[in-house]
Amino acid sequence: MKSLLINPVLNKEIKLRFRSFKSFLGVFFYLFALGGIAIGFILMNTVFSYNASAIFRPEQSRTMFMVLSFVQMALILFMTPGLTSGVISGERERQTLNILLTTPQSSTSIILSKLISSIAYLLLMMVASLPLYSIVFLFGGVSPALLGATFGLYFITMLAIGSIGILFSTLIRKTIIATIITYGITLFFTAGTAILTMIGMQFVNFQNLNQTSVMPYITSMFNPFIILLASFEEGVTNEINSMSGIEFSLITGFVLSFLLISFICLFISIKKLRPKMKAKKELPEGE
Amino acid sequence: MIETINLTKKYGSFTALNSLNLKIEKGTVFGFVGHNGAGKSTTFSILATLLAPTSGAAYVNGYDVIKEPKKVRNHIGYMPDFFGVYDQFKTIEYLDFYGASYGIPQSERQALIPQLLELVNLSHKQDDYVDLLSRGMKQRLCLARSLIHDPEVLILDEPASGLDPRARIEMREILKELKNMGKTIIISSHILPELAEMCDEIGVITNGELVASGSVASIQQQLQANKVINVKLATDIEKAILLFEDDPKVSTITKHERYENTFTFAFTGSELEQIALLKKALDQELPILSFSQEESNLEDVFLEITKGVDFS
Ligand SMILES: Nc1ncnc2c1ncn2[C@@H]1O[C@H](COP(=O)(O)OP(=O)(O)O)[C@@H](O)[C@H]1O
Ligand SMILES: [Mg+2]
């Protein structure tokens, strides 16, 4: 474990990433977007509000927290593919990968270092955004536990989408194609599963009330936004549970399936980073 | 020590490397010559554990490239034919990163890196960004990088390609120094003379097959059997040609286009037979002014070996 933590690739990635001006700009715009939304929300509910009570109430504070969380989740989903889908293919394109692979570093430590450094950058953004949440705490309406749970969901999402990005970066030579595929999958996990969930719910509603269908459960289980919503409103979870007839916690289902996705993607990436050397029994050439 | 046994690499149905057998002893500098696309980089990539062979075996320092790639990596310094650098690194950080990658402790790296920079004449560039170094400097930096863990075996894929003559000479001097340090080196080039001077042995590869190998002298000798001799007479060239034509070891007599009374012929006989031939001509009172063997340089040897190969 120690060699994984104090790892040259990780060290290098973090050093180079945090050295670049682009990264600085990234954090800046991230905070700018989030801050803008938070301030806009407060202004809308106070100064520009019709009932000119001009007081920001706990319910509004809670709504703002939800809006912020959704925006932050959207930003994470938007940035993670871009941050991870070039980590291996980019080195291949810049012709630095070959040399890296002739060092005795294990494929595992190279892949995990790449993942950790990408996530570290995203976490930095999260931490930088924490002061914004202090507004929420100032006006009440949200428990620290809910904030913790929300950040937990962010982390699981980063991990899974990041692992998918790394997988395609490892498998596909061209970064641009790996990036497009990763965004495509991310889009499926958001818009795609949302549409499928709606279709599934309609389907259940059209049938008589005793009928259940697993589809809304499965599709919403893979949708970070629905899960985020479910963590705020227990009603959402209950409804999907009753529609599908599955008792198992939706949020736990999400956590487990995203962890499984991460694990599988990382496992394949590690196996595929270097050529398979063990000569197999003569197989027909497949190229 | 490097050894390959029937090493073969196929890309689909295309055979890039066909049953390559090499044996390079410890401390030997082996030059691997072949035109572009001959299979040099393919061989080196397999030795560097970057590419799996289709069949056959390869060993570095006794370690099997296929079964023990990680051990092999610890014993080789590899320089690819094309490589990039992390552009935001400074020279010293670049080397430090690879040093760490080989598990060299920080304190040792700090002592080692200045020595390596000294060896490749880059001490004055230690705080420059690697991206801004010239091509020759990058090549030398990459060489220094490949030495960071003091490997016994160096696998250098065209380290002098794309360099100007001055940078080439500088590279060659460094390689000589490495040779003196007792490293086993396999180095490739598509230009034979570039290698001849510093190599103990040479292997010539064309279309994935080793067509000649051995010491530089022996390769030259293999082809010296077919030497070209120049003859210049005062007069009587026709009579001379008639006489030379008679000798069974003489072929393709051609009169020189520009110089009068001068011709060349190919001769496959030994040195003694060559002397006998000249004596016979002199006995016939032929007015021979000169009788000389054309210096065949290594470039000709290379072309001779790879004759009939489509270079396109
Ligand atoms: N990944 C690949 N797929 C298909 N053909 C390849 C691949 N890599 C190399 N080749 C082919 O294999 C042959 C040998 O290439 P290479 O070893 O790079 O030659 P050299 O280094 O001697 O110039 C070339 O004809 C090249 O086109
Ligand atoms: Mg090559």
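These numbers were taken from a predicted model, which means no experiment stands behind them. Residue numbers start from 1 in every chain, and the chains themselves are labelled A, B, ... in the order their sequence lines are given, proteins ahead of strands.
- Per-residue heavy-atom pair counts under 4.5 Å with chain A were compared for B:F83, B:Y86, B:Y98, and the maximum is reached by B:Y86.
- The 12-atom threshold is not exceeded at CD1 of A:I176, counting heavy atoms of other residues, nucleotides or ligands nearer than 6.0 Å.
- Side chains of B:Y102 and A:Q105: a donor-acceptor N/O pair is absent below 3.5 angstrom, by distance only.
- Both the backbone and the side chain of A:R94 come within contact range of chain B, with heavy atoms under 4.5 Å apart.
- Residues from residues 115-131 of chain B that place a non-hydrogen atom less than 4.5 Å from a non-hydrogen atom of chain A comprise B:Y129, given in numerical order.
- In this structure, the portions of B:V65 lying under 4.5 Å from any heavy atom of chain A include both its backbone and its side chain.
- In this structure, OG in B:S41 is found 10.0 Å from CG in A:N98, a value given to the nearest 0.5 Å.
- Note that OG1 of A:T103 is 9.0 Å distant from NZ of B:K70, once rounded to the nearest 0.5 Å.
- If you measure heavy-atom distances from A:E93 to chain B, you find no contacts under 4.5 Å at all.
- Within the model, atoms CD of B:Q88 and CZ of A:R17 stand 10.5 Å from one another, a figure rounded to the nearest 0.5 Å.
- Taking CG of A:L101 as the reference point, atom CG of B:L51 lies at 12.0 Å (rounded to 0.5 Å).
- How far CG of B:D96 is from NZ of A:K15: 6.0 Å, rounded to the nearest 0.5 Å.
- For the set A:V9, A:L97, A:I99, the count of heavy-atom pairs under 4.5 angstrom toward chain B peaks at A:I99.
- Of all heavy-atom pairs spanning A:P104 and B:S101, the tightest one is CD-O, 3.8 Å.
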Practice prompt. Determine, stepwise, if the pair B:F97 / A:L100 fulfils side chain to side chain contact (heavy atoms under 4.5 Å, CB included).
Written response: CA-CA 10 Å; B:F97 165 62; A:L100 185 62; 3.8 Å; yes
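- With respect to chain A, the highest number of heavy-atom pairs below 4.5 Å among B:F89, B:Y78, B:F82 belongs to B:F89.
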